[in-house]
Amino acid sequence: MIFKYIQEPVLGSLFRSRDSLIYLNRSIDQMGWRLPPRTKPYWWLYYIWTLVVLVLVFIFIPYGLIMTGIKEFKNFTTTDLFTYVQVPVNTNASILKGIIVLFMRRRFSTAQKMMDAMDIRCTKMEEKVQVHRAAASCNRVVVIYHCIYFGYLSMALTGALVIGKTPFCLYNPLVNPDDHFYLATAIESVTMAGIILANLILDVYPIIYVVVLRIHMELLSERIKKLRTDVEKGDDQHYAELVECVKDHKLIVEYGNTLRPMISATMFIQLLSVGLLLGLAAVSMQFYNTVMERVVSGVYTIAILSQTFPFCYVCEQLSSDCESLTNTLFHSQWIGAERRYRTTMLYFIHNAQQSILFTAGGIFPICLNTNIKMAKFAFSVVTIVNEMDLAEKLRRE
């Protein structure tokens, strides 16, 4: 079954936290970013595939974009110009994020081991069901992103075939689009599919890992609510349960700390580029004459918004979860407990007040307010173009 990992929970085949990465890891495997051990048969074929992808994504595409600007810039129409300008911004941002993730990819395996450790504490059926639903939701997110990103690629390819121009104006030293239009379009589309898949991976992985963090935070909050509610248990048992909750929180914090450097770097690049991309997309709408071009631009705008808004929303929810956890601790049944229990609880409350926050480049917090501020830059770009009367000047030329 293709969509096995987005199904509702079924007794006997519940997903673990690690299963939330199934579809994401398949995409990573397609990009050649998870090298197999050399003990596996035919491992060298995968290494060759990895090299081919790296050459196409990190060398051929930047080279093609630079050469396009050098050789074809003077022949650009206004539509070609704004199509060309948007592609290098997004592509170079993706390449920078990809390099960062490749250098820090060991953090993925460390985080997955922590997922397994957090799952060990999910002993009750309702907890396992919640983990299953979170994993299924994460896999659905990957499917939705595939539909958005490759929907844009399909629309761009369709528009290119209708108009009679290659979709991304990518210079190809081997094939001349004027002589072999369909071959050049196919090569360009396949090559750009690689950078789009890389972009998808880089935009989705923070969402999935933080959603897993959130579900275990919620499960911890439920365990805290049940502390000292069973009158049949003694003080030693109550204290042992509290200590386990403290360990759970420590593991969740370590999980967040493991991912923070990677998420911080990639989201810093993405948030800086999203405002410019939205502004260029809004300006380009003024120059597109056909319905197909405007539809493609609209789908592209949705894809740009998908790069930052969902993760900013998840981070906003995580902040609320951290605050809720502190309130849950304070209102739990700890008043009247023995001294060591109260002392440990106060220590727990103090540590829980330090929220698990993600920042972009360690400069500004990743939240909806930051995303809105960056998106406002798009209006600044449009305003600058309108004030300079650039649209009319380009039309006259």
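Positions are given from 1 along the sequence.
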Exercise for review: Evaluate the salt bridge (charged side-chain N to carboxylate O under 4.0 Å, His left out) criterion for residues Asp203 and Lys97: first the C-alpha distance (whole Å), next the side-chain angles of each, then the deciding distance (0.1 Å), finally the verdict.
Suggested key: CA-CA 10 Å; Asp203 294 338; Lys97 291 188 296 180; 3.0 Å; yes
Exercise for review: Start with the C-alpha distance between Asp19 and Lys4, add both sets of side-chain angles, then the distance that settles salt bridge (charged side-chain N to carboxylate O under 4.0 Å, His left out), and finish with yes or no.
Suggested key: CA-CA 11 Å; Asp19 292 328; Lys4 172 185 175 182; over 6 Å; no
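Donor-acceptor pairing under 3.5 Å is recorded for the side chains of Asn351 and Tyr347. Side-chain atoms of Tyr209 and Gln112 include a donor-acceptor pair closer than 3.5 Å.
Atom CH2 of Trp49 has 12 or fewer heavy atoms from other residues, nucleotides or ligands within 6.0 Å. For CD of Glu244, the number of neighbouring non-hydrogen atoms (other residues, nucleotides, ligands) closer than 6.0 Å is greater than 12.
Under the 4.5 Å side-chain heavy-atom criterion for Ile, Leu, Val, Met, Phe, Trp and Tyr, Leu219 and Ile120 are members of distinct hydrophobic clusters.
Residues Asp119 and Ser17 come closest through the heavy atom pair OD1-OG, 2.6 Å.
Residues meeting the side-chain hydrogen bond (donor to acceptor under 3.5 Å, both in side chains) test with Tyr47, sequence neighbours left out: none. Ser221 pairs by the side-chain hydrogen bond (donor to acceptor under 3.5 Å, both in side chains) definition with Thr328, not counting sequence neighbours.
Met192 is listed as a side-chain neighbour of Thr91, based on a closest heavy-atom distance under 4.5 Å.
Residues Phe348 and His249 bring their aromatic ring centres within 6.0 Å.
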